[in-house]
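The structure under discussion is supplied below as structure tokens; questions concerning it will follow.
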Amino acid sequence: MVANLSRPTLRHMVMETLDLQASDAGIAKAVELLSAGGLVAMPTETVYGLAADASNDTAVARIFDAKQRPMFNPLIAHVADMDVARRIGAFSPMAEAVAQSFWPGALTLVLPIAPGAKLSPLVTAGLDTVAIRMPAHPVAQRLLRAFGGPLAAPSANPSGKVSPTSAAHVREGLAGRIDAIIDGGDCTVGLESTILGLDGPPRLLRPGGIPVEALEAMLGPISAQTHSDRPNAPGQLASHYAPDAAVRLEVTAPKENEIWVGFGSGCEGAVLTLSANGDLVEAAANLFRVLREADSLADRQRQIAFAPVPEHGLGRAINDRLRRASAPRP
Ligand code: TXA
Ligand code: MG
């Protein structure tokens, strides 16, 4: 007799993850998948993003499921141009001026939600503000234009893990959980966008690919509001970007069991380097790839040790990511 076996419920359906080229056909397929509520990883100049239709509740919910991301952590809405941006965010004259100067680029603005914005409340996690970014990457631009509306996209990695700066990194973390990956090569900035709160006096919510000094040159001193227990950017959890191996920072004399990652001169014994000649732009672009490489070299007994990185320009964002990579795990 054939028993009426209840089917096992798989929490995560395993699906085929398509590899798409950044061609007209690849973009058209991505738009088809996104319009049907699918998840597509797209290259941006900062890191790869996991995109879904920002107006579709189910599609956005699938992002949280694929990444295993806590629901209270809101997402960035990506836009092709100011018309789409103004449909979802209320731009003050200051916000208009900042967007004019820094978009497209590695800057995210947190603004009050525009009245009538067609955004899933999951994108904003129920807040009355929305984080908006206009990426500069030509493939992200083409995809956003072809899609015609905002795409919600967090970094395309399992929640809490190292962010992806290549299509291969995305595949490593999310294959079988998302519909497709568009290959746009390696990310040139390599760090997530700087997040600036402009829903009141300017606040730095996350250091990132645009140095805060560049924003301060335009806006004057900006207060930093990161890393509190009740963070304004709820993604500012202490442990994040965590490799499997333990991480030690500011290391000038590595221990025998450590994989030493250098920066600049004086690190001749280092196995890996963020930038041999101490270039912060190069170090930012290398950071997540090097973190992955170091992790793959490390085993149970070994930990990763980073040489000091100066706390200015992109160094601030690099140190922010390194501090969280080394923070005690939950
Ligand atoms: O470069 C980037 O920003 C990449 C690429 C894909 O665009 N995206 C990215 O997304 O880093 P994600 O989800 O990993 O980080 C988004 C951050 C989180 O820390 C989140 O808490 C914050 O943005 N955020 C989103 N909406 C917010 C809001 N309304 N108020 C404050 N913070 C917000
Ligand atoms: Mg992330």
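First listed ligand is number 1; within each ligand, the first listed atom is number 1. No experiment lies behind these values; they were computed from the predicted model shown.
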Please work out whether any backbone atom (N, CA, C, O) or any side-chain heavy atom from C-beta onward of T124 is under 4.0 Å from ligand 1, and answer side chain, backbone, both or neither.
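None of T124 does.
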Ranking A51, G49, A77, A106 by closest non-hydrogen atom to atom 6 (C) of ligand 1, top hit is G49
Can E258 and R248 be said to form a salt bridge (Lys or Arg N to Asp or Glu O under 4.0 Å), step by step?
CA-CA 9 Å; E258 286 180 325; R248 203 161 70 90; 2.6 Å; yes
Numbered atoms of ligand 1 (with element) below 4.0 Å of T129, judged on heavy atoms:
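Selected atoms, number and element: 28 (C), 29 (N), 30 (N).
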Report the C-alpha distance between R142 and D24 in whole Å, list the side-chain angles of each, state the deciding distance to 0.1 Å, and finish with yes or no for salt bridge (Lys or Arg N to Asp or Glu O under 4.0 Å).
CA-CA 9 Å; R142 275 167 70 195; D24 287 350; 3.1 Å; yes
Between G190 and F288, what is the shortest heavy-atom contact and its length?
O-CD1, 3.2 Å
Best match, I76, N157, L50, L75: closest heavy atom to atom 16 (C) of ligand 1
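When every heavy atom of I76, N157, L50, L75 is considered, I76 comes closest to atom 16 (C) of ligand 1.
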Test D244 against R300 for salt bridge (Lys or Arg N to Asp or Glu O under 4.0 Å), laying out the working first.
CA-CA 9 Å; D244 292 329; R300 254 170 223 290; over 6 Å; no
Within a distance under 4.0 Å of any heavy atom of E192, pick out the atoms of ligand 1 and give their elements.
1 (O), 2 (C), 11 (O)
Using distance alone, decide if ligand 1 has a nitrogen or oxygen within less than 3.5 Å of any nitrogen or oxygen in S193.
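Between S193 and ligand 1, an N or O pair is found under 3.5 Å apart.
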Closer than 4.0 Å to some heavy atom of I195 - which atoms of ligand 1 meet that?
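Ligand 1 atoms under the 4.0 Å threshold to I195: 17 (C), 22 (C), 23 (O).
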Does the shortest distance from the Mg ion (ligand 2) to an N/O/S atom of S159 fall below 2.8 Å?
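It does not: S159 brings no N, O or S atom closer than 2.8 Å to the Mg ion (ligand 2).
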Going by heavy atoms, is V47 under 4.0 Å from ligand 1?
yes
May I ask you to identify, for V110, whether its side chain, its backbone, both or neither come under 4.0 Å of ligand 1 on a heavy-atom basis?
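For V110, the contact with ligand 1 is made by the side chain alone.
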Judged by non-hydrogen atoms, does R69 sit under 4.0 Å from ligand 1?
yes
Establish whether I63 and L122 are linked, either directly or via other cluster members, by ILVMFWY side-chain heavy-atom contacts under 4.5 Å.
yes
Taking N or O atoms only and a 3.5 Å limit, does T46 qualify as a polar contact for ligand 1?
yes
Taking 4.0 angstrom as the limit and counting only heavy atoms of A131, give me the atoms of ligand 1 inside it, by number and element.
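Listed by number with element, the hits are 25 (C), 26 (N), 27 (C).
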With the threshold set at 4.0 Å, does a side-chain nitrogen-carboxylate oxygen contact exist between E45 and R133?
yes
Would you indicate whether the side-chain heavy atoms of T273 and C267 approach each other to under 4.5 Å?
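Result no, sub-4.5 Å side-chain heavy-atom pair not found.
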Given L33, which of D53, L39, D179, I178 fulfils the side-chain contact (heavy atoms from CB on, under 4.5 Å) condition?
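Among D53, L39, D179, I178, the one that satisfies the side-chain contact (heavy atoms from CB on, under 4.5 Å) with L33 is D179.
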Same cluster (ILVMFWY, side-chain, under 4.5 Å), V130 and I76:
no
Considering M134, M42, H78, K67 one by one, which has a heavy atom nearer to atom 7 (O) of ligand 1 than any of the others?
H78
Go through it in stages, so that I can follow the logic: the residues are E213 and R316, the test is salt bridge (Lys or Arg N to Asp or Glu O under 4.0 Å), and I'd like the CA-CA distance, side-chain angles, deciding distance and then a yes or no.
CA-CA 10 Å; E213 291 91 332; R316 215 160 138 166; 5.2 Å; no
At less than 4.0 angstrom from any non-hydrogen atom of L127, what atoms of ligand 1 do you find?
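Going through ligand 1 atom by atom, the ones under 4.0 Å from L127 are 28 (C), 29 (N), 30 (N).
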